[in-house]
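Data first, discussion second: the structure below is written as structure tokens.
Just so you know, residue 1 is the first one in the sequence shown, and it goes up from there.
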Amino acid sequence: QVQLVESGGGLVQAGGSLRLSCAASGRSFSSYAMGWVRQAPGKEREFVAAIDWSGFSTYYADSVKGRFTISRDNTKNEAYLQMNSMKFEDAAVYYCAVRPSTYYTSNANDYIYWGQGTQVTVSS
């Protein structure tokens, strides 16, 4: 079992930056891939970024590539999503999720442990 708690969401101006954190509990977090998924009101869930167990391999959706950076610190059982040059369309509830495998996919259905989400709002 892995429990996940996101933090760091809030209000940010367009063009600004925000860093989300995901704190994990459970013995196997460092062996698992994890990802960040977002969902805006009235929109489908979007897989944003993923990272393998080691932190050396990452994936980004085209919509965030070059602006967002996913990372993890297995010594702290934490993962992060650094969001820069934020746009209005980045506003959503952001969830961290864990896939019980060393390698990631970009399919949210492959991730079985989920946090409660953290709201990100982008203002003008």
Side-chain angles (χ1 to χ4, degrees):
Q1 284 284 349
V2 177
Q3 291 79 43
L4 304 170
V5 178
E6 302 95 337
S7 62
L11 178 65
V12 62
Q13 283 191 321
S17 299
L18 207 58
R19 188 194 195 208
L20 305 182
S21 298
C22 176
S25 60
R27 293 180 299 171
S28 301
F29 174 77
S30 61
S31 302
Y32 292 161
M34 67 86 55
W36 286 94
V37 178
R38 68 186 182 187
Q39 187 162 25
K43 295 187 178 180
E44 292 188 358
R45 188 170 59 176
E46 180 185 13
F47 197 96
V48 173
I51 191 166
D52 75 346
W53 71 276
S54 70
F56 287 114
S57 181
T58 58
Y59 161 87
Y60 297 97
D62 288 342
S63 58
V64 306
K65 199 172 294 182
R67 300 188 298 120
F68 290 12
T69 302
I70 188 172
S71 61
R72 67 190 297 163
D73 185 341
N74 287 340
T75 65
K76 297 181 179 179
N77 271 10
E78 291 184 351
Y80 312 98
L81 186 68
Q82 177 68 43
M83 304 185 292
N84 298 329
S85 302
M86 294 190 68
K87 304 177 180 180
F88 294 120
E89 52 263 42
D90 293 325
V93 177
Y94 283 72
Y95 301 90
C96 64
V98 165
R99 179 177 190 243
S101 169
T102 53
Y103 296 102
Y104 58 77
T105 71
S106 59
N107 184 342
N109 294 324
D110 293 332
Y111 294 73
I112 66 170
Y113 302 111
W114 291 78
Q116 83 288 349
T118 185
Q119 178 73 50
V120 172
T121 304
V122 183
S123 67
S124 58

Tell me, do [X] and [Y] make a side-chain contact under 4.5 Å, heavy atoms counted?
| X | Y | result |
| --- | --- | --- |
| Q13 | M86 | no |
| I70 | Y60 | yes |
| R38 | D90 | yes |
| M34 | C96 | yes |
| E89 | V122 | no |
| Q116 | V5 | yes |

(Q) For I51 and Y59: C-alpha separation, side-chain torsions, deciding distance, then whether side chain to side chain contact (heavy atoms under 4.5 Å, CB included) applies. (A) CA-CA 6 Å; I51 191 166; Y59 161 87; over 6 Å; no
Distance in Å, [X] [atom1] paired with [Y] [atom2], rounded so as to fall on 0.5 Å steps:
| X | Y | atom1 | atom2 | answer |
| --- | --- | --- | --- | --- |
| R19 | N84 | CZ | CG | 11.0 Å |
| Y113 | L4 | OH | CG | 9.5 Å |
| S30 | W53 | OG | CH2 | 8.0 Å |
| S101 | I112 | OG | CD1 | 10.5 Å |

If you measure only the distance, is there a donor-acceptor pair under 3.5 Å linking the side chains of [X] and [Y]?
| X | Y | result |
| --- | --- | --- |
| R45 | N109 | yes |
| T105 | N107 | no |
| E46 | S63 | yes |
| R99 | Y111 | no |
| E78 | S21 | no |
| Y32 | T102 | no |

Same cluster or not: [X] versus [Y], using hydrophobic residues (I, L, V, M, F, W, Y) connected whenever any side-chain heavy atoms lie under 4.5 Å apart?
| X | Y | value |
| --- | --- | --- |
| F68 | L18 | yes |
| V2 | V37 | no |
| L81 | V12 | yes |

Q.
Less than 6.0 angstrom from the centroid, inside 45 degrees of the normal: does R72 satisfy that with respect to the ring of F29?
A. yes
Which heavy atom of [X] sits nearest a heavy atom of [Y], and at what distance?
| X | Y | value |
| --- | --- | --- |
| A40 | A91 | CB-O, 3.6 Å |
| Y94 | V120 | CD1-CG2, 3.5 Å |
| W114 | A108 | CZ2-O, 3.4 Å |

Q | F88 and S123: CA distance, side-chain angles, deciding distance, side chain to side chain contact (heavy atoms under 4.5 Å, CB included) verdict | A | CA-CA 7 Å; F88 294 120; S123 67; 5.7 Å; no
Just by distance, do the side chain of [X] and the backbone of [Y] share a donor-acceptor pair under 3.5 Å?
| X | Y | result |
| --- | --- | --- |
| T118 | G9 | yes |
| D73 | N77 | no |
| Q119 | G10 | no |

Q: Decide yes or no on side chain to side chain contact (heavy atoms under 4.5 Å, CB included) for E6 and W36, but give the supporting numbers first.
A: CA-CA 10 Å; E6 302 95 337; W36 286 94; 3.9 Å; yes
Q: Apply side chain to side chain contact (heavy atoms under 4.5 Å, CB included) to Y80 and L20, showing your working.
A: CA-CA 5 Å; Y80 312 98; L20 305 182; over 6 Å; no
Q | Short N-O contact, K65 and D62, less than 4.0 angstrom | A |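 Looking at D62 together with K65, the answer is yes, because their closest N to O distance falls below 4.0 Å.
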Q | Worked check of side-chain hydrogen bond (donor to acceptor under 3.5 Å, both in side chains) between S57 and Y103 | A | CA-CA 9 Å; S57 181; Y103 296 102; over 6 Å; no
